[in-house]
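Numbering starts at 1 and runs along the sequence shown.
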Amino acid sequence: WSSGYLNDGMAFDGSTAVTVDDSAGELSPSTDYTLEWWMKTSSTDQYYGTVLHKPDSSGVYGYAVWLYYGSIAFYGYESVSSYNYHQTDYSAYTDDNQWHHYAIVMDSSNGFTLYIDGDAYYESADSSSYIEANGDLNIGHYGSSYYLSDAVLDEVLIRNTPLSASEVEDRYESGSQWCTEWTDSTDPDVNIDSPSSGTSMDSPYVTVTGTSSDDSDVSTVAVTVNGDSYDVSTDDGYATWTVYLPLDEGSNTVTATAT
């Protein structure tokens with residue numbers, strides 16, 4: 001687990017994965033459904049990095065969402081015996097390491113649509129029937145342990161109805177958890193750890209370090225010195241951060257803000 005879009009999320013690093021038991025069939029809508037999730041990643045070199053995979057009873061076929069060298073695609077099998085399947089064209093996903101909303105809407109009357117941040121990126125009029133994906137839900141991997149992904153996921157939902165375009169846009173803009181309606185309404189905490197207030201130095205530059213935390217993921221930390229803003233460096237989602245700042249002669253004011 002790691003910080004998510006809302007509260008905790010699932011972090012996959014190419015060696016971890018999750019399987020959700022669906023022996024009760026509650027995650028197996030057959031014809032009309034919506035797949036929805038929030039994701040952030042900075043990786044563009046993933047070779048079939050699996051976001052979601054819902055196989056049939058064999059554990060292989062069904063449908064899947066892939067990350068593939070900077071693109072995202074969805075496919076679903078129509079027939080196993082003839083290996084007929086349909087998929088979206090590869091559409092660019094957002095690799096800026098910020099949270100983005102994704103949805104796949106499958107409508108047996110109108111085909112399927114891929115949405116990113118509320119906008120339709122790919123639409124297909126194909127309305128073929130697909131085999132029933134009644135196996136367990138794989139998150140971050142395909143089959144037993146193949147095609148692992150490098151991304152952080154949150155708010156993964158499978159609905160047994162196809163959302164309309166306006167409903168997908170509403171979900172993107174809502175900023176709340178679907179199940180609890182919880183909203184992160186508090187600002188992140190951010191602190192400057194070094195140097196301490198009132199420190200004197202002879203150098204025209206200073207290295208500033210600090211920490212930040214929140215109920216959800218911290219999107220960014222910005223530090224200003226005398227009104228000029230600078231982006232910080234971090235390796236752990238802004239839990240700790242560092243920035244190198246120029247100083248003016250005399251007194252300098254350094255502030256940090258987090259979102």
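No single ILVMFWY cluster, assembled from side-chain heavy atoms under 4.5 Å apart, contains both Ile72 and Leu163. Linking Ile, Leu, Val, Met, Phe, Trp and Tyr residues whenever their side-chain heavy atoms come within less than 4.5 Å places Tyr69 and Tyr48 in a single cluster. With hydrophobic clusters built from ILVMFWY side chains whose heavy atoms lie under 4.5 angstrom apart, Val254 shares a cluster with Val243. Linking Ile, Leu, Val, Met, Phe, Trp and Tyr whenever their side-chain heavy atoms come within less than 4.5 Å puts Val218 and Tyr230 in one cluster. A continuous path of ILVMFWY side-chain contacts below 4.5 Å connects Leu52 to Phe112, so both sit in one hydrophobic cluster.
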Does the side chain to side chain contact (heavy atoms under 4.5 Å, CB included) test come out yes or no for Arg171 and Arg159, once each step is laid out? CA-CA 13 Å; Arg171 289 295 307 129; Arg159 304 171 184 270; 3.2 Å; yes

Given the rule in the side chain to side chain contact (heavy atoms under 4.5 Å, CB included) test, do Leu157 and Trp178 qualify, once you have shown the distances and angles that lead to the verdict? CA-CA 9 Å; Leu157 296 172; Trp178 172 255; 3.7 Å; yes

Which is it for Asp32 and Met106 under the side chain to side chain contact (heavy atoms under 4.5 Å, CB included) test, yes or no, and what are the steps along the way? CA-CA 5 Å; Asp32 299 285; Met106 174 63 72; 5.9 Å; no

Ser219 and Asp217: CA distance, side-chain angles, deciding distance, side-chain hydrogen bond (donor to acceptor under 3.5 Å, both in side chains) verdict: CA-CA 6 Å; Ser219 298; Asp217 203 19; over 6 Å; no

Evaluate ring-ring contact (aromatic ring centres under 6.0 Å, His included) for Tyr68 paired with Tyr47, printing each intermediate quantity in order. CA-CA 5 Å; Tyr68 183 79; Tyr47 176 77; 5.7 Å; yes

Before giving the answer on side-chain hydrogen bond (donor to acceptor under 3.5 Å, both in side chains), spell out for Asn7 and Ser216 the whole-Å C-alpha distance, their side-chain angles and the decisive distance to 0.1 Å. CA-CA 4 Å; Asn7 275 330; Ser216 304; 4.9 Å; no

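Ring geometry for Phe74 against Tyr63 counts as tilted: the plane angle lies between 30° and 60°, on a 0 to 90° scale. In this structure, Tyr147 and Trp66 have perpendicular ring planes: the angle between them is above 60°, well past the 30° mark.
Ser164 contributes atom OG, which lies 7.5 Å from atom CG of Asp170 (distance to the nearest 0.5 angstrom). Atom OG of Ser3 and atom CH2 of Trp99 lie 9.0 Å apart (nearest 0.5 Å). To the nearest 0.5 angstrom, Met39 atom CE is 13.0 Å from Gln98 atom CD. Taken to the nearest 0.5 Å, the OG1 atom of Thr19 stands 8.0 Å off from the CG atom of Leu137. Note that OG1 of Thr41 is 6.5 Å distant from CG of Leu67, once rounded to the nearest 0.5 Å. Here the straight-line distance linking atom OH of Tyr33 with atom CD1 of Ile104 works out to 9.0 Å at 0.5 Å rounding.
For His101, the ring-ring contact (aromatic ring centres under 6.0 Å, His included) partners two or more places apart in sequence, or in a different chain, are Trp38. Applying the ring-ring contact (aromatic ring centres under 6.0 Å, His included) test to Trp37 and every residue at least two apart in sequence or in another chain returns Tyr102. Applying the salt bridge (Lys or Arg N to Asp or Glu O under 4.0 Å) test to Asp248 and every residue at least two apart in sequence or in another chain returns nothing. Checked against ring-ring contact (aromatic ring centres under 6.0 Å, His included), His141 has no partners two or more places apart in sequence or in another chain.
The two atoms that bring His53 and Ala64 nearest to each other are CD2-CB, 4.0 Å, heavy atoms only. Across Gly62 and Ala133, no two heavy atoms sit closer than the pair CA-CB, 4.1 Å. Here the closest non-hydrogen pair linking Ala11 and Thr16 is O-OG1, 3.6 Å. Closest non-hydrogen pair, Glu155 versus Leu6, comes out as OE2-O, 3.8 Å. The two residues Asn138 and Pro55 have their closest heavy-atom pair at ND2-CD, 4.1 Å. Smallest separation of non-hydrogen atoms from Ser203 and Leu247: O-CD1, 3.9 Å.
Remark: side-chain polar atoms of Thr234 are paired, donor with acceptor, to backbone N or O of Thr240 under 3.5 angstrom. Here the side chain of Asp13 pairs a donor or acceptor atom with the backbone of Ser15 at under 3.5 angstrom.
Remark: Glu26 CD is loosely packed, at most 12 non-hydrogen atoms of other residues, nucleotides or ligands lying under 6.0 Å away. In Tyr142, the OH atom is crowded: over 12 heavy atoms of neighbouring residues, nucleotides or ligands sit closer than 6.0 Å.
The pair Asp95-Lys40 does not meet the salt-bridge criterion, since no charged nitrogen lies less than 4.0 angstrom from a carboxylate oxygen.
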Sequence neighbours left out, cut at 3.5 Å: what donor-acceptor pairs do the side chains of residues 207-215 make with other protein atoms?
| unit_1 | atom_1 | unit_2 | atom_2 | d |
| --- | --- | --- | --- | --- |
| Ser212 | OG | Tyr238 | O | 2.3 |

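Side-chain contact between Val105 and Val168: present, with at least one pair of heavy atoms (C-beta onward) separated by less than 4.5 Å. Inter-residue side-chain proximity for Asp136 and Val20 is flagged as unmet; no heavy-atom pair is nearer than 4.5 Å. By the 4.5 Å heavy-atom criterion applied to side chains, Val223 and Val225 are not counted as neighbours. Counting heavy atoms from C-beta outward, Gln46 and Ser149 have side chains that approach closer than 4.5 Å. Within the 4.5 Å cutoff, side-chain heavy atoms of Val156 are placed close to those of Met10.
For residues 239-259, the ring pair (Phe, Tyr, Trp, His ring centres under 6.0 Å) pairs, not counting sequence neighbours, are Tyr205-Tyr244.
Side chain to side chain, Thr255 and Thr224 meet the donor-acceptor criterion of an N or O pair below 3.5 Å. Using modelled atom types and a 3.5 Å distance limit, the side chains of Asp45 and Ser43 yield a donor-acceptor pair. Looking at Thr253 and Asn226, their side chains never bring a donor and an acceptor atom within 3.5 Å of each other. A donor-acceptor contact closer than 3.5 angstrom links the side chains of Ser28 and Asp22.
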